[in-house]
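Note: hydrogens, waters and symmetry copies are ignored here, and every other heavy atom, side chains too, is used. All ligand and atom numbering here is 1-based and tracks the order in the structure.
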Amino acid sequence: MKTRTRYVHSPRQIENPYDPTSVPIFQTATFGQSEATAFDEFDYSRSGNPTRQVLEQQLARLENAQHAFAFASGMAALSALLRLCKAGDEILVGDEIYGGTFRLLHDLAPRLGLKARTVDTTRSACVAKAIRPETKLLLLETPSNPTLRISDLEALSSIKKARGVTLAVDNTMLSPYLQNPLDHGVDVVVHSATKHLNGHGDVMAGVVMTSDDDIAQAIGFVQNAEGSALGPFDSWLLLRGLSTLPIRLEAQQRNAKVIADWLVQRYSMGDVYFPTLADHPGWEIQVRQARGGGCVISFRAGSYERAQRIVQDTRLFRTSVSFGCFSSSISIPNCMSHACVHEDALFSTKAIPDDLVRLSVGIEDVEDLIEDLDLALGQPVQNEKEGVGSLLTKGATIDG
Ligand code: PLP
């Protein structure tokens, strides 16, 4: 089957006398047992549920993984990943990560006896140097959130193989439709399924996927032992959203590219971050390991006040955290998704500039989106801050 067909047709249907064409929602906590000591495939929904199982099998198939585990949120999925480590182990983490991941590793991991340190994963040589005997896990995002920096998965995979480290990638930004890290030697993939996988902004969910049987066994154990699995109704909603991911993301990515090019006309290059812009420092790697740049664009507004004005003035781009929804949104990462990230000498993440504006581009007509942004960007403003280019005049034409 070709890709889009695979998204539409899940591999397994649940046996049912009425042969429903939609996967049934098994909204039940328990399943009857014929005897106290005889267990059928399902006994308790925390341990396994048929609706969730169809979802997990479909997710695994789309990410080219042998196993998938659906969790109640992306953070629950990342917490389960942490459980691969034991007290005394060290986690190396990319130096630009989602704010919640920062909080988990910086504030919570030490309470579990885990040490976490950051490293610039866009420079593979730095990673090779940073690995210590106690390093157990290397976790990164590529493209990273929010400035879309790119790490070379194959280079990192050869390093981790030689050093016996588990390599985990948060693939939320691109989804399995645009990037399959396991194909590049990565051991574990994590997603916030709240974003592209569901795509409708109405479900919180997360996934851990792997083809390593030992890792799968450990994650499955945590999912059951900690009770953080996704519920049946949310599993069904996620399955429904998943089937239209290719057409949503193609439309979003097409719009995003037009908007990124348009923004480049307004700002000097370097102030607009989108992985498939030809001047992006990670462009070559991105083209090699992914099938597009996704739908998230960040740009520097010039000042915090101006960023606030832009975010307030857009109408179609709704001010909200998150990304990957079919409708467009806009945010200031520094005071929204990344508000809990702070400077720390031992755990030094890249500072998120306070004038950085992040767009998540939806499936609307791109002309409307550009008009919305154009009005919000307003009159040309000359360099309010060093490094920001001057704006072109209002109403710049759309290229492409
Ligand atoms: N990973 C990334 C890259 C994210 O952007 C987010 C949320 O924004 C998460 C993980 C956490 O996912 P959730 O909000 O579903 O818990």
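- If you look at His280 and Tyr273, their ring centroids are not closer than 6.0 Å.
- At under 3.5 Å, a nitrogen or oxygen of Met75, whether backbone or side chain, sits near a nitrogen or oxygen of ligand 1.
- Below 4.0 Å from some heavy atom of Phe323 lie the following atoms of ligand 1, by number and element: 5 (O).
- For the 3.5 Å distance criterion, the side chains of Ser192 and Lys195 qualify, holding a donor opposite an acceptor.
- For the salt bridge (charged side-chain N to carboxylate O under 4.0 Å, His left out) test with Asp95, the passing option among Lys350, Arg149, Arg117 is Arg149; the others fail.
- Below 4.0 Å from some heavy atom of Lys195 lie the following atoms of ligand 1, by number and element: 5 (O), 6 (C), 7 (C), 8 (O), 14 (O).
- Residue Leu104 is tested with Leu82, Ile91, Ile97 for a side chain to side chain contact (heavy atoms under 4.5 Å, CB included); the sole match is Leu82.
- Residue contacts with ligand 1 for Ala205 involve N, CA, C or O but no side-chain atom from C-beta outward (heavy atoms, distance under 4.0 Å).
- Atoms of ligand 1 found under 4.0 Å from any heavy atom of Ser192, numbered from 1 in the order shown, are 6 (C), 9 (C), 10 (C), 11 (C), 12 (O), 13 (P), 15 (O).
- Between Glu96 and Asn145, the side chains place no donor N or O within less than 3.5 Å of an acceptor N or O (distance only, hydrogens not considered).
- For the residue pair Gln58 and Arg61, a side-chain donor N or O sits within less than 3.5 Å of a side-chain acceptor on the partner.
- In terms of N/O distances under 3.5 Å, ligand 1 is approached by Asn145.
- Looking only at protein heavy atoms, the nearest one to atom 15 (O) of ligand 1 is Thr194 OG1, 2.6 Å.
- Atom 6 (C) of ligand 1 has as its closest protein heavy atom Tyr98 CD2, 3.3 Å.
- Using a 4.0 Å cut-off between heavy atoms, Glu141 contacts ligand 1 through its side chain alone, with no backbone atom that close.
- No side-chain donor-acceptor contact under 3.5 Å links Asp152 and His184.
- Every atom of ligand 1 with a heavy atom of Met204 under 4.0 Å away is listed here by number and element: 13 (P), 14 (O), 15 (O).
- A side-chain donor-acceptor contact under 3.5 Å links Asn224 and Ser47.
- Ligand 1 places these atoms under 4.0 Å from at least one heavy atom of Asp170: 1 (N), 2 (C), 3 (C), 10 (C).
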